[in-house]
Colleague: 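Please find one structure pasted underneath; my questions will follow.
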Amino acid sequence: MSTPVGDRRIPLNVGPGTWDLIWSHVHRALVANLGLAVSSLPLLLALSVEPRPWRHPFFFTLLSLGVGPSLAAVFAYFRLTVEDERAPVAELFRCYRRLFRPALLAWSPFVLLTAVALTDVAFLRTTAPGPVLVPLLAVVVLIAVSSGIVAMAALPDGRRTVRHTLLAASYASVRRWPLALVNLGLLGAALVLVNQAPLIGLAVVPGCALFVVWHNCRAMSAPARPDPL
């Protein structure tokens, strides 16, 4: 007797190696989410209390300075998982402690530049030169945010000084602007998802998005290939 077409089941021939790879990605994302949530807890608590952070720019600018070390620690953990796919959670917090000072020094100029540019946008958008200056300031904000993210991804390599990292990250963001826009779009979408569903979003989205961003930042920081003769 033949089996009805509607009752047929598609066999899932998934080997142990595939499941191990899947769970390694899940473990990496969950550890990154945990580390990011714990290290950015003051900012998350402030955002949960104040739904309009732009009304308190100075306070939230100070809190956003802590995002840089958190990102650097997550990116450093991703780098460790290249050799050990299931690196323990403690490694992420060790990376945070080790990279806190250089990450804060490298992240602060980009945060301050972003804050100044956004303040100028708020004051100039209703003035006569606003239509000309506001788009330029918006580009400055995009480059500053992208450069800060690239700088945090480059810090775990430990081969550059903070000053060299700042210059290299800014150059990479301009030279590889398509990848920079992809990173910003991906992070923007992740923020929207977290804002709509905070608990589920924080548990799932940031680690996956940041892993893709980390890969893009590594590609952006790679030296340019010489043109063939």
Side-chain angles (χ1 to χ4, degrees), residues 36 40 43-44 47 52-72 74-75 78 102-127 129-156 160 162-196 201 205-224:
L36 195 64
S40 303
L43 178 60
L44 294 176
L47 289 174
R52 298 178 180 179
W54 55 87
R55 291 187 172 183
H56 310 279
F58 181 76
F59 177 70
F60 280 94
T61 297
L62 289 179
L63 288 180
S64 63
L65 293 176
V67 175
S70 301
L71 290 176
V74 170
F75 292 147
F78 288 156
L104 186 62
L105 290 176
W107 180 254
S108 297
F110 297 116
V111 171
L112 296 178
L113 179 59
T114 301
V116 170
L118 290 176
T119 302
D120 289 341
V121 168
F123 280 105
L124 293 174
R125 61 188 177 87
T126 57
T127 61
V132 176
L133 295 178
V134 167
L136 296 177
L137 292 170
V139 173
V140 171
V141 171
L142 294 178
I143 294 176
V145 175
S146 175
S147 301
I149 295 170
V150 175
M152 295 305 99
L155 276 179
R160 296 170 175 171
V162 171
R163 179 175 176 273
H164 189 188
T165 299
L166 296 177
L167 297 176
S170 301
Y171 175 71
S173 294
V174 175
R175 179 170 62 94
R176 299 287 179 88
W177 62 267
L179 283 177
L181 291 180
V182 170
N183 285 346
L184 294 176
L186 186 60
L187 292 176
L191 289 175
V192 171
L193 292 175
V194 171
N195 182 65
Q196 295 298 319
V205 175
C208 299
L210 287 175
F211 185 70
V212 178
V213 170
W214 174 68
H215 270 287
N216 289 343
C217 289
R218 287 171 65 89
M220 293 169 66
S221 300

Colleague: For residues 131-153, run the donor-acceptor check on the side chains, cut-off 3.5 Å, and write out each pair with its distance to 0.1 Å, sequence neighbours left out.
Modeller:
unit_1 : atom_1 : unit_2 : atom_2 : d
S146   : OG     : S173   : OG     : 3.1
S147   : OG     : I143   : O      : 2.6
S147   : OG     : S173   : OG     : 3.3

Colleague: Parallel, tilted or perpendicular: which one describes the rings of F211 and F78, with boundaries at 30° and 60°?
Modeller: perpendicular
Colleague: How long is the span from the CG atom in L43 to the CG atom in L62, to the nearest 0.5 Å?
Modeller: 11.5 Å
Colleague: Set out, in order, the CA-CA distance, both residues' side-chain angles and the distance that settles side-chain contact (heavy atoms from CB on, under 4.5 Å) for L186 and N183, then state yes or no.
Modeller: CA-CA 5 Å; L186 186 60; N183 285 346; 5.6 Å; no
Colleague: Measure the spacing between NE2 of H215 and CZ of F75 and express it to the nearest 0.5 Å.
Modeller: 11.0 Å
Colleague: List the atom of L65, the atom of W107, and the distance in Å for their closest heavy-atom pair.
Modeller: O-CD1, 3.4 Å
Colleague: Between V205 and A190, which heavy-atom pair has the shortest distance, and what is it?
Modeller: CG1-CB, 3.4 Å
Colleague: L166 and A106: which non-hydrogen atoms are nearest, and at how many Å?
Modeller: CD2-O, 3.2 Å
Colleague: Looking at F110 and S170, what are the two nearest heavy atoms and their distance?
Modeller: CE2-OG, 3.7 Å
Colleague: Using 0.5 Å steps for rounding, measure from the CG atom of L124 to the OG1 atom of T119.
Modeller: 10.5 Å
Colleague: Any side-chain heavy-atom pair from L71 and V74 closer than 4.5 angstrom?
Modeller: no
Colleague: Going by ring-ring contact (aromatic ring centres under 6.0 Å, His included), name the residues that satisfy it together with H56, two or more places apart in sequence or in a different chain.
Modeller: none
Colleague: Can a donor-acceptor pair be found, under 3.5 Å and without considering hydrogens, that links the side chain of R175 to the backbone of M220?
Modeller: yes
